[in-house]
Amino acid sequence: MRARPASFGDFRCAHCHMIVSSAHVLSGVNNRNHCPYCLWSCHLDLFSAGDRLSACKAPMKPVGLTMKKGRNKYQREPRGELMLIHECTDCQTLSINRIAADDDSGNVLAVFERSFALTPHVQARCREYGIVILDSADTEIVQVQLYGRCAEIPALNWT
Ligand SMILES: [Zn+2]
Ligand SMILES: [Zn+2]
């Protein structure tokens with residue numbers, strides 16, 4: 001039996017079991033739908049972000065990063081916004097989600113690096129969805145988006 005969240009916006013991450021408090025709802029995104037620590041999500045939405053109509057409710061794994069192209073032609077950032085790609089561990093639905101200000105940047109980078117080894121199956125499914133997975137050639141773009149244009153770029157060896 002699954003415990004119901006205490007209040008809207010509070011939930012216990014199904015993956016790392018951290019409590020994601022409603023304070024994290026104030027993170028600059030309207031629909032906090034993934035854990036800021038491990039970045040796993042939950043398959044809640046059926047048609048669009050925040051609709052909460054999915055019957056699946058299975059954990060969704062962060063499998064890679066993509067760029068959402070802004071539709072506004074006056075947008076200053078021509079490259080769009082960095083997004084997480086989530087894959088449902090049950091029904092394999094893919095969805096893309098905004099990265100929140102309080103998401104763990106190191107973990108976002110780790111998802112990015114793991115995505116270089118994505119199976120051809122997942123890559124093919126991303127293409128079906130029209131999702132372009134960022135690859136190692138996009139490393140600089142990802143670092144700039146995560147750490148800012150002027151920031152020191154942290155060393156990438158994890159040893
Ligand atoms: Zn988590
Ligand atoms: Zn699902």
Side-chain angles (χ1 to χ4, degrees), residues 1-69 81-135 138-139 141-143 145-148 151 154-159:
M1 198 178 79
R2 269 186 225 185
R4 287 224 154 249
S7 67
F8 182 79
D10 277 23
F11 61 93
R12 184 182 285 273
C13 174
H15 184 69
C16 72
H17 307 295
M18 298 281 276
I19 299 275
V20 180
S21 80
S22 51
H24 284 107
V25 178
L26 307 172
S27 58
V29 290
N30 293 325
N31 300 297
R32 156 61 74 191
N33 61 3
H34 59 264
C35 173
Y37 311 107
C38 70
L39 308 173
W40 279 59
S41 183
C42 188
H43 193 186
L44 295 177
D45 299 332
L46 185 58
F47 300 113
S48 60
D51 69 19
R52 300 291 189 263
L53 291 174
S54 169
C56 182
K57 309 285 192 285
M60 296 188 82
K61 181 187 180 182
V63 293
L65 302 181
T66 187
M67 279 290 174
K68 186 178 190 178
K69 298 278 186 293
E81 186 182 1
L82 199 59
M83 308 282 287
L84 274 167
I85 307 168
H86 283 106
E87 183 191 35
C88 181
T89 52
D90 187 17
C91 69
Q92 271 84 56
T93 292
L94 296 176
S95 72
I96 64 170
N97 294 287
R98 293 182 64 183
I99 291 170
D102 58 353
D103 284 349
D104 187 310
S105 298
N107 282 343
V108 174
L109 207 55
V111 166
F112 175 58
E113 292 183 333
R114 275 201 305 272
S115 74
F116 303 162
L118 271 186
T119 62
H121 176 69
V122 177
Q123 291 179 357
R125 298 205 55 255
C126 281
R127 276 195 296 276
E128 270 171 44
Y129 275 75
I131 298 171
V132 180
I133 313 171
L134 299 184
D135 61 25
D138 302 307
T139 301
I141 296 170
V142 171
Q143 289 179 338
Q145 288 253 355
L146 287 177
Y147 298 105
L156 267 181
N157 56 64
W158 300 99
T159 50

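Both counts, for ligands and for their atoms, begin at 1 and track the order of listing.
- You'll find the side chain of Phe112 stays beyond 4.5 Å of the side chain of Leu82, heavy atoms only.
- Among the backbone and side-chain atoms of Cys35, an N/O/S atom is found under 2.8 Å from the Zn ion (ligand 1).
- Separation of atoms CD1 (Ile96) and NE2 (His86) is listed at 11.5 Å; rounding is to 0.5 Å.
- The Zn ion (ligand 2) forms the vertex of an angle spanning SG of Cys88 and SG of Cys91; to the nearest 10 degrees it equals 110°.
- None of the N, O or S atoms belonging to His15 lies under 2.8 Å away from the Zn ion (ligand 1).
- Checking Cys16 against the Zn ion (ligand 1), an N/O/S atom falls under the 2.8 Å cut-off.
- Of all heavy-atom pairs spanning Val111 and Leu39, the tightest one is CG2-CD1, 4.0 Å.
- The two residues Gly106 and Tyr147 make their nearest non-hydrogen contact at N-OH, 3.8 Å.
- Vertex the Zn ion (ligand 2), arms ending at SG of Cys56 and ND1 of His43: the angle is 100° after rounding to 10 degrees.
- Note: Met67 CE to Gln145 CD = 4.0 Å, rounded to the nearest 0.5 Å.
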